Amino acid sequence: MSSAFDKLARPVQKWIRQQGWRELRDIQARSIRTICETDADLIVAASTAGGKTEAAFLPLISQVFDDPFDGTGFDLLYIGPLKALITDQAIRLASICPEAELPVVPWHGDVSQSIKTRALKSPKGILLITPESLEALFIRRGLEISRLFGATRAVVIDELHTVLDSERGVQLRSLLTRLELTIKRPIRRIGLSATLGDMDLAKAYLRPDAANAVQLIEADGGEAELRLQLRGYVSGDEGENSPSATDAIAAHLFKHLRGSDNLVFAGARQRVEIYADRLRELCEREHLPQEFYPHHASLSREHRDFVEHRLKDAAKPTTAVCTSTLELGIDIGDVTCVAQIGAPFSVAALRQRLGRSGRREGQPAVLRQYAVETQLTPESSFVDRLRLGLIRSIAMIDLLLEGWCEPARPQALHLSTLVHQILSVIAQRGGASASVVYSILCREGPFRKVTTEVFADVLRSIGHTETGLIEQSGSGLLLLGPAGEKLVEHYSFYAVFQTPEEFRLVAEGKDLGTLPIDNVLAPGMLLIFSGRRWVVQEIHDREKVIMVKPAKAGVPPVFGGDPGDIHDKVIDRMFAVLEGGTQPAYMDAASLKMLAEARAHYDQLGFRATNIQALGEGTSIIATRVGTVKTSTLALALRSEGFSVERHDGFLLVEVGHETPNLQTVLADIRSGEPVDLFLEAGNLMSEKFHKYLSAKILHLDAVSSKLAPEILPQLANAIMRKGPAN
DNA sequence: GACCTGCTGCGGGCTG
């Protein structure tokens, strides 16, 4: 401890003693040495509550005390993805920093104007801010950036893994580049992250021009014992005396989770509502106190705070039935068990979720996986017969145990976010030439895959008279057009991600939460929401408010959403499970029976020998054996030839009409590299916030860079046909 | 066949 401890400033050493720490953690000692002895960028990777914040800030604060930079502005910058995280971290950091010397300034939408005004007047200390609020500073105070950040010696990016290659992550990288260009020197970058599947990608994300120089400080495993069970349930066979799969799972959860703190990940908000309702009913029926509560993003802040506080409160046993809201960030303490209902969408998310349990010394991590499959009938589809949900659960658990998780996809163009950043740079500088904007965003910044040709196309698209976001002055300077001014002026501009339109749900004057507008509702209709039952009284379309009052029955609303991308490696493992013979020890009798059925049907359908199976009149199944991106690409290619195609994990169900050509011939054409128009039947491509300002041609490029893989079509067709049909 | 995240400046009315 001594060598690292000795490097810290006196007030920081004093704080450590006050905490009663007997020693620094390994990652903290290593991080202190790296920060004090080098100028390197670094990533500190450890689980939640692993002491990452202190690992970064103890040495950084010491440096500010002992050797402050010249210039004006905040000494340190912290960027966090959640308001709650910023509030928490500000409290932790304020206890380290003697207030008069180093102010700690939280800055997000809920922070009062007076704190912001004071900080703007005299910027110093540690600024903790969201990407959106930083964006707002660039747009509203573009000329003051040097004054605000001239003295900044490091930027700490919290939860780095949550922003890798997302729209928000690209925005953040763009802002960091623009910050360095404005103050004309690099700022040390420190990423705090959960353990990732591919640390090299994270390094390249943090500092694209010098990824190899980024130092990695990773907590050594020392992982808790893992207890694992996968239980199988069959739905659709409920007779008079047998409960539905939902009731059976709810009963099992009730029996095993009651009395402790747990997280139940139900996969979708609608399922969260269903299970929370059943579990509440079970408590009432047994005259037991309520301890099961729903938690998802459409519920009111007040309700979510209540559930989070109960989870932290050791005296009250609490199980949250939740979506990924409780997967990230905020510290809710250790939970006894993590349950997952239905197959997850990524191994990375499963790992993150599991990390919520087994954190206390000597306590095992517990994962209860529930697989729900349909009762088979003679009419059952091949998807049900192959039990794809169960198979995916097994594949993902296997990969989790092997320590694998999905890497980011760094090749996306992110053209919606590029539109946003073009407007932001023009607003910051009050106008800029096209070549300067290109240089900032695409040469120095994160849009490196955007060529000058594509960039020019994007400019033409948003400068088009109908769009009118930008215009060009006589001297060639790009300026905001009237529509651009209006867009950038409104506060809704700062976020780069899309948010759907919603109704507010109000009961007796109190907000329950929000509902997507595509729910068709009328007075008298019954609802399950926030774990309770309601009847709709009034709907105010203009104000987007729905008034409800308590009721005895209800149905859960529809929340919608986009299906996720399943990685190639997961699909590959699913086929290995179907073709293998292992019977994992963590599976119960019911799920093992389903696995045996799935394997028998797989053999019976003949997929060991061939990838294409005719399934009666006019229908074929293709085993693509690859993930969502590649499988979707083939689906679009076949649709453009007139087939109707349904996508599943690693399979396509193809309907061959009388008008359509022969499937074999079409696949052979694809194999030989014949061009196909993927976008003939692709539907709506405007999935991101600023897509609506882009031409069809640019939207196609964007889709190809992120959601499709046309270059692999010949190879994929070849792999499929190599194990062609028996004939 | 899914989930999550964020938001400024100004004016009006009130209190001390």
Side-chain angles (χ1 to χ4, degrees), chain A residues 79-87 107-114 116-117 120 129-142 158-159 161-164 166-172 175 265-272 294-299 301 304 321-330 340-346 348-350 352-353 372 383-384 388-389 392-393 417 420 424 427 486-500 514 516 558-566 570-571 627-628 631-632 635 646-651 653 687-689:
Chain A
I79 299 174
L82 302 174
K83 291 187 285 192
L85 206 52
I86 286 176
T87 307
W107 187 305
H108 55 65
D110 299 343
V111 170
S112 81
Q113 198 61 53
S114 59
K116 294 176 181 169
T117 313
L120 282 175
I129 195 166
T130 59
E132 288 73 19
S133 285
L134 185 59
E135 180 77 57
L137 283 179
F138 270 85
I139 290 171
R140 304 265 165 188
R141 305 184 180 271
D158 205 355
E159 308 274 8
H161 57 284
T162 66
V163 290
L164 289 177
S166 66
E167 291 156 277
R168 237 179 149 197
V170 172
Q171 174 189 30
L172 176 53
L175 290 171
F265 290 96
R269 285 170 285 185
Q270 187 177 46
R271 284 216 294 274
V272 166
H295 190 288
H296 57 73
S298 296
L299 296 174
R301 188 68 252 172
R304 289 165 66 180
V321 186
C322 60
T323 57
S324 46
T325 36
L326 287 178
E327 184 180 304
L328 304 156
I330 45 164
Q340 168 76 40
I341 304 175
F345 282 88
S346 74
L350 187 61
Q352 188 84 16
R353 290 170 185 187
V372 185
V383 188
D384 291 338
L388 291 182
R392 195 167 91 210
S393 297
T417 309
H420 181 266
S424 174
K486 203 173 156 215
L487 193 66
V488 172
E489 237 164 52
H490 197 262
Y491 63 83
S492 60
F493 178 71
Y494 308 128
V496 289
F497 52 86
Q498 179 91 281
T499 37
T514 58
V558 181
F559 290 97
D562 313 312
D565 286 345
I566 309 293
V570 173
I571 302 292
T628 313
T631 299
S632 304
E646 230 179 72
R647 286 181 324 174
H648 300 280
D649 285 1
F651 291 93
L653 182 65
S687 53
E688 294 179 24
K689 190 171 171 186

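As the structure is a computational prediction, the values presented were derived from the model and not from experiment. Below, chains carry the letters A, B, ... as their sequence lines are ordered, and counting in each starts from 1. Computation of the quantities below employed the complete heavy-atom set of this structure, encompassing side-chain atoms and omitting hydrogens, waters and symmetry-equivalent molecules.
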What's A:Thr130 touching, base or sugar-phosphate or nothing? Going by heavy atoms closer than 4.0 Å. sugar-phosphate

Mind checking if A:His648 touches a base, just sugar-phosphate, or nothing, with heavy atoms under 4.0 Å? base

For A:Ile571 and B:dG1, give me the distance from atom CD1 to atom P, rounded to whole Å. 16 Å

NA contact type, A:Gly564, heavy-atom cut-off 4.0 Å: base, sugar-phosphate, or nothing? base

Can you label the angle between the A:His420 ring and the A:Phe493 ring as parallel, tilted or perpendicular, going by 30° and 60°? parallel

Base, sugar-phosphate alone, or nothing: which one does A:Arg301 contact when heavy atoms must sit under 4.0 Å apart? nothing

Check the phosphate of B:dC4 against A:Thr323, side-chain N and O only, distance under 4.0 Å to OP1 or OP2. Yes or no? yes

Within the structure shown, what part of the strands sits under 4.0 Å from A:Phe497 by heavy-atom distance: base, sugar-phosphate, or nothing? base

In whole angstrom, what separates A:Gln340's CD from B:dA2's C1'? 11 Å

Name the nucleic acid region contacted by A:Ile139, choosing base, sugar-phosphate or nothing; use a 4.0 angstrom heavy-atom cut-off, strictly under. nothing

Would you indicate what A:Thr499 reaches in the nucleic acid, counting non-hydrogen atoms under 4.0 angstrom: base, sugar-phosphate, or nothing? base

Base, sugar-phosphate or nothing for A:Arg140? Non-hydrogen atoms, less than 4.0 Å. sugar-phosphate

Checking A:Arg271 against A:Phe265: charged group under 6.0 Å from the ring centre and within 45 degrees of the axis? no

